[in-house]
Asker: 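Supplied in structure tokens, the structure appears directly below.
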Amino acid sequence: MAFAFLVPSLLLFAFFTFWPLLRSVYLSFHGSDIIGRPTLFVGTRQYEQLLSSPTFRDVLVNTALFTALTVIPSLAIGLLIAILLQQRIAGIGLFRTLMATPFAFSVATASVVFAIFFNPGVGVFNGFLYFFHLPPVGWLTDPSKALASVALASVWLQLGYNVLVLSAGLQAIPDEVYEAARLDGARAPAMTWHITLPLLTPTLFFLLVVTTIISLQSFGQIHILTRGGPAGATTTLVYSIYVNAFAFGNSNFGYASAQALVLFAIVLAVTAIQFGVLERRVFYR
Amino acid sequence: MKRLVIGLLMLVVACGGGNGGSGTANPLDDNATPPAGGVEVQFWHGFAAGANQDATNALVAKFNDAHKGAIKVTATYAGNYDDTLAKFKAGIQSNQLPDMVQIYDIGTRFMIDSGVVQPMQLFIDHDKYSTKDLEPNILGYYQIGSKLYSMPWNVSMPLLYYNKDAFTRAGLDPNKPPQTLDEIRAAAEKLTMRDANGQVTQYGFGAAIYGWFLEQWTARADQQYCNNGNGRDKNATKLQINQPLDVKVVDWWTKMVNDGLALNTGRNTTDAQNAFKAGRTVMNVESTGTLRGYQSSVKFALGTAFYPRSEASAAGGPIIGGASLWIVNKKPSYTQKAAWEFVKFLELPENQAYWHTHTGYFPVDTKAANDPTDQQWMQQYPQFKTAIDQLHATKLDKATQGCILGVMPAARQAAEVGIEQAVTKQKSPQKAMDDAVATMQPQIDSYNQAVGAK
Amino acid sequence: MTGIWRGVNYAVLVAITFILLFPLLYALSGSLMSAHELSSYPTPLLPAHPQLQSFADVMKAIPLAREYLNSALVAALITTGQLLTATLSAYAFAFLRMPYRNALFAVFLATMMIPWEAIIIPNYLFMADNGLINTYPALVLPFLAAGFGTFLLRQFFLGFPRDLYEAALVDGCSHLRFLWSILVPLSRPALAALGIWAFLSAWNQYFWPLLVTKTEEMQTLQIGISRLRDVEAATAPNFILAGTVLALVPTLVLIYLGQRHIVRGLTAGAVRG
């Protein structure tokens with residue numbers, strides 16, 4: 001009887017989550033014909049191709065770099081901003097509201113605006129540099145800078161959410177704890193280090209997991225800003241899946257599915273490590 | 001119900017008349033009767049909202065009016081060129097194909113190998129349609145041997161655009177534009193302006209890192225982009241873009257950017273166009289399709305010239321670009337014939353003149369030039385004459401016909417990656433192009449294996 | 001705090017706010033500029049003669065209203081779907097006895113571990129094989145159930161006073177009646193939280209609509225905005241920025257006016273740990 005309540009969800013999961021996962025595995029063991037049908041059984045050859053492909057190695061490196069460049073700054077800067085916003089001074093409410101602006105943007109709208117900022121010929125950022133007599137930067141055309149530029153846009157976008165969540169986490173710390181510490185003679189920096197941060201660890205941990213997963217799944221900003229270029233410098237794993245399966249007249253669903261399963265493995269591994277290693281340090285009340 | 005009727009009719013066609021042109025029976029000659037209300041033709045194209053779409057819809061309306069009750073064409077925007085091809089591919093699997101579709105030039109080999117298209121030659125022979133008025137240099141791209149597979153429709157070519165005012169200011173003759181890469185460099189050295197702080201305010205040259213341009217330079221030098229007669233003798237088995245000529249072009253481009261004479265705006269063609277329009281670059285290579293846009297937005301005198309040669313002795317010519325019309329073969333014969341009527345309609349001189357003057361694409365029918373609207377337009381846009389002269393000056397051979405390759409879109413992308421790597425000094429031009437050839441090899445091989453090409 | 005520190009404090013806050021606001025400010029400013037201004041270099045930051053022409057142009061060039069409708073419809077359907085399926089499943093897990101309950105719950109949790117991008121290809125092929133490309137079902141069906149919703153609501157339901165539940169049962173209340181008349185009204189915060197999260201996620205989706213929508217009539221707002229560059233009339237950024245500003249209006253209103261509710265919704269999983 002109780003099953004009836006679960007049936008709608010389970011049916012949907014079966015069709016759109018579990019069956020596709022199995023099909024991904026099936027596809028990864030088959031090569032495609034020119035229309036994309038999985039006609040040729042190739043066993044593990046596509047996985048072997050991935051392991052020995054220098055392009056794929058670069059893709060994994062790009063993914064790791066991009067994740068680090070997005071997660072760490074968005075958490076660190078987010079925390080700093082959230083702490084600043086905790087001050088009980090006049091007008092803090094207005095600051096808090098305005099600083100939530102990035103949250104109103106989506107990946108698409110933010111990327112479109114940043115594309116204009118980063119534009120190589122007539123962009124705003126290079127305009128600033130020109131104004132200050134500085135040489136222009138190839139934000140999206142220089143392979144050594146493109147990934148960082150895309151990460152910059154991602155960090156900006158993520159800050160809206162991060163600041164909101166961290167602020168809520170900070171506000172949940174009861175005042176009495178601070179009062180007690182102040183009575184004991186503690187000063188602001190010590191309080192931050194010994195009280196705020198430990199009590200904030202549940203929120204920080206949650207945000208770390210969420211931001212990492214969002215980073216690993218990033219697609220829109222890469223598609224709009226660089227299309228994976230220049231010369232593959234911003235091609236992360238998700239973008240590589242897209243290119244192999246859908247872009248440039250490709251329909252290599254088998255090869256792309258193999259990569260998709262690598263992504264699955266990485267997300268599982270990263271989350272497992274986060275829960276296994278870092279969660280122990282979370283201080284639950 | 002309609003699907004059932006069509007299904008039954010297809011059964012009749014398949015079992016009753018002959019299939020795909022095998023044997024002596026022509027699949028268009030069965031006696032299938034069209035439905036009483038008229039035949040519907042579903043047509044997918046890749047023109048987003050704008051002048052091109054408007055012109056398309058106007059021609060469709062004109063055709064439908066002339067064939068009221070007999071044929072009705074419904075034109076749908078199916079996404080940009082890449083998306084239309086993807087949608088078409090998905091449609092092959094789920095059997096949801098249109099009756100007629102516009103596919104870009106680099107999708108040609110795939111369309112031929114897909115097995116779902118009816119070559120135009122079949123209709124031409126069946127109707128005894130004369131192609132003598134159609135530009136041979138344009139038909140050439142879509143012909144293998146002398147068999148025409150699709151009908152060219154929106155045709156463009158590359159041109160060199162330049163800022164005549166900037167030329168005058170730099171002491172160069174605005175009516176003598178550079179014709180070779182070396183001449184471009186020499187001109188750029190005079191045109192690149194710096195301000196008091198050493199910042200470049202005006203670059204001599206700028207172009208998008210667009211694989212199409214490399215294909216053009218290869219053909220301009222009468223060289224083949226891929227082997228086996230540019231893919232026209234039989235399926236190409238490798239790319240040839242690491243030959244000395246291609247490396248020379250890439251090397252030239254690299255030096256231009258790194259010596260501060262050219263602005264690198266990346267792969268996006270809109271960014272390069274905007275830089276030219278804003279006066280940041282003086283010379284720009286782009287398609288004839290951008291002529292009207294440039295004319296209406298630039299604040300300087302616009303000049304056009306033949307697409308530059310890699311060196312003075314280069315003997316080839318540029319390749320035509322754009323897209324063509326394909327008729328799907330898994331449809332009743334009357335639908336195919338109706339689609340063919342629409343194709344013929346589009347190629348009529350007065351409709352070609354309309355198309356040309358409303359979009360800026362080339363007229364495929366030579367007689368269109370006699371149409372008064374066309375002549376008036378040419379007076380308004382004299383720069384277009386450069387393009388027509390360039391088309392007529394090109395000798396048609398396998399190199400200038402263009403490379404036909406199943407994985408051409410991916411090959412173009414690989415070329416772009418190679419150029420990017422060279423221009424940003426990640427690799428030497430030779431290594432970058434060698435690697436581009438190497439990365440494409442597995443894809444070419446598996447494509448040929450999949451289609452059973454020997 | 002002393003005067004000078006207070007000044008510095010405010011200066012820092014203003015600076016940070018300006019950086020976080022800059023993209024929005026520039027979008028607003030740019031959308032009011034003329035194409036000519038944006039084609040010059042370096043581009044000005046403020047319009048010399050503000051004009052609304054770009055807004056008119058962008059609304060004429062793309063079916064913006066239709067795209068809004070698509071996004072709103074799809075997001076509403078997905079949100080309703082998730083609320084329904086999650087409420088039912090969470091109720092079953094929190095209140096009902098059933099064999100293999102823990103194993104089944106693990107199945108729900110497992111769906112949260114499978115990233116959408118790992119299964120996007122088979123889902124696309126499913127839609128293609130069944131002729132659903134470029135239709136509303138393709139945009140909506142895969143997202144009608146989400147493990148996160150069940151997880152969230154179950155957490156909330158578990159904190160529900162048991163006595164009330166038992167009393168209702170004794171009174172002859174059926175499960176569905178209890179659910180609809182008692183539990184749901186009392187669970188408004190959690191349901192609102194899930195609803196906002198689901199709606200925003202659906203509204204902001206990019207990758208999936210990119211794959212399954214092929215014509216302008218079916219495009220969602222996000223895809224439409226990202227495609228502005230391809231539109232012929234988009235010769236200068238003012239056009240693109242005008243479209244972007246129009247697309248941002250609902251979410252800006254939401255976060256500027258409804259911040260408290262959003263915070264509650266988003267932090268539902270975070271703060272309690």
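Just so we're on the same page: letters track the sequence lines, and every chain starts at 1.
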Asker: Compare all side-chain heavy atoms of P143(A) with those of Q421(B) and state whether any distance is below 4.5 angstrom.
Answerer: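 No, their side chains stay 4.5 Å or more apart.
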Asker: When heavy-atom pairs shorter than 4.5 Å are enumerated against chain B, which of G36(A), P135(A), A231(A) gives the highest number?
Answerer: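 Highest number of pairs under 4.5 Å: A231(A).
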Asker: Decide if atom NZ of K255(B) counts as having more than 12 heavy atoms of other residues, nucleotides or ligands within a radius under 6.0 Å.
Answerer: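 Counting other residues, nucleotides and ligands, NZ of K255(B) stays at 12 neighbours or fewer.
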Asker: Identify which of T439(B), V200(B), L263(B), N264(B) forms the greatest number of heavy-atom pairs closer than 4.5 Å to chain A.
Answerer: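 The candidate making the most pairs under 4.5 Å is N264(B).
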Asker: Measure the spacing between CG of N252(A) and OG of S446(B) and express it to the nearest 0.5 Å.
Answerer: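 If I round to the nearest 0.5 Å, the distance is 6.5 Å.
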Asker: Kindly determine whether V407(B) and F248(A) satisfy side-chain contact (heavy atoms from CB on, under 4.5 Å), including the steps that lead there.
Answerer: CA-CA 9 Å; V407(B) 290; F248(A) 310 123; over 6 Å; no
Asker: At a 4.5 Å cut-off on heavy atoms, which part of Q443(B) comes close to chain A: side chain, backbone, both, or neither?
Answerer: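 The side chain, not the backbone.
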Asker: Please round to the nearest 0.5 Å and tell me the distance separating atom CD of Q449(B) and atom CD1 of I34(A).
Answerer: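 Those atoms lie 13.0 Å apart.
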Asker: Determine the minimum heavy-atom distance between S251(A) and K89(B), stating which atoms define it.
Answerer: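 Distance-wise, the nearest heavy atoms are OG-NZ, 3.0 Å.
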Asker: Is the number of heavy atoms from other residues, nucleotides or ligands within 6.0 Å of NZ (K425(B)) greater than 12?
Answerer: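 No, the 6.0 Å shell around NZ holds no more than 12 heavy atoms from other groups.
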Asker: Side chain, backbone, both or neither: which part of Y130(A) has an atom under 4.5 Å from a heavy atom of chain B?
Answerer: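 Interface part for Y130(A): both.
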Asker: Could you tell me which of D82(B), L85(B), I92(B) has the largest number of non-hydrogen atom pairs under 4.5 Å with chain A?
Answerer: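 Option with the greatest count: I92(B).
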Asker: Taking all non-hydrogen atoms of both residues, which atom of T265(B) and which atom of T141(A) are closest, and how far apart?
Answerer: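 Minimum heavy-atom contact is C-CG2, 3.6 Å.
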Asker: First locate atom CD of Q93(B), then atom CG of D33(A), and finally report the distance between them rounded to the nearest 0.5 Å.
Answerer: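 Spacing of CD (Q93(B)) from CG (D33(A)) equals 7.5 Å.
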Asker: Roughly how far, to the nearest 0.5 Å, is the CG atom of N268(B) from the CG atom of L140(A)?
Answerer: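 Spacing of CG (L140(A)) from CG (N268(B)) equals 10.0 Å.
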Asker: Given that the side chain runs from C-beta out, which part of N250(A) has a heavy atom under 4.5 Å from chain B: side chain, backbone, both or neither?
Answerer: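 Contact with chain B involves both backbone and side-chain atoms of N250(A).
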Asker: Does F15(A) CZ have over 12 foreign heavy atoms under 6.0 Å away?
Answerer: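 It does not: F15(A) CZ has 12 such atoms or fewer within range.
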Asker: How long is the straight-line distance from CG of D142(A) back to CD of Q426(B), given to the nearest 0.5 Å?
Answerer: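 That separation rounds to 8.5 Å.
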Asker: Pick one of side chain, backbone, both or neither for L129(A), based on which atoms fall under 4.5 Å of a heavy atom in chain B.
Answerer: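 It is the backbone, since no side chain atom gets that close.
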Asker: Would you give the length of the straight line joining atom CD of E416(B) to atom CZ of R227(A), rounded to the nearest 0.5 angstrom?
Answerer: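 Here the interatomic distance stands at 11.5 Å.
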Asker: Looking at every non-hydrogen atom in both residues, tell me the closest pair between R280(B) and P120(A) and how far apart they are.
Answerer: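 Closest approach of R280(B) to P120(A), heavy atoms only: NH2-O, 4.5 Å.
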Asker: Might you point out which heavy atoms bring R267(B) and G229(A) nearest each other, and give the distance in Å?
Answerer: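 So the minimum-distance heavy-atom pair works out to NH2-CA, 3.9 Å.
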Asker: Quick one: of G107(B), A410(B), A432(B), A275(B), who has the most non-hydrogen atom pairs under 4.5 Å with chain A?
Answerer: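 The answer is A410(B).
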Asker: Any idea which heavy atoms bring Q199(B) and H133(A) closest together, and the distance?
Answerer: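 Heavy atoms of Q199(B) and H133(A) come nearest at NE2-C, 3.4 Å.
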Asker: Indicate the atoms forming the closest heavy-atom contact of G249(A) with P409(B), along with that distance.
Answerer: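 Distance-wise, the nearest heavy atoms are N-CB, 4.2 Å.
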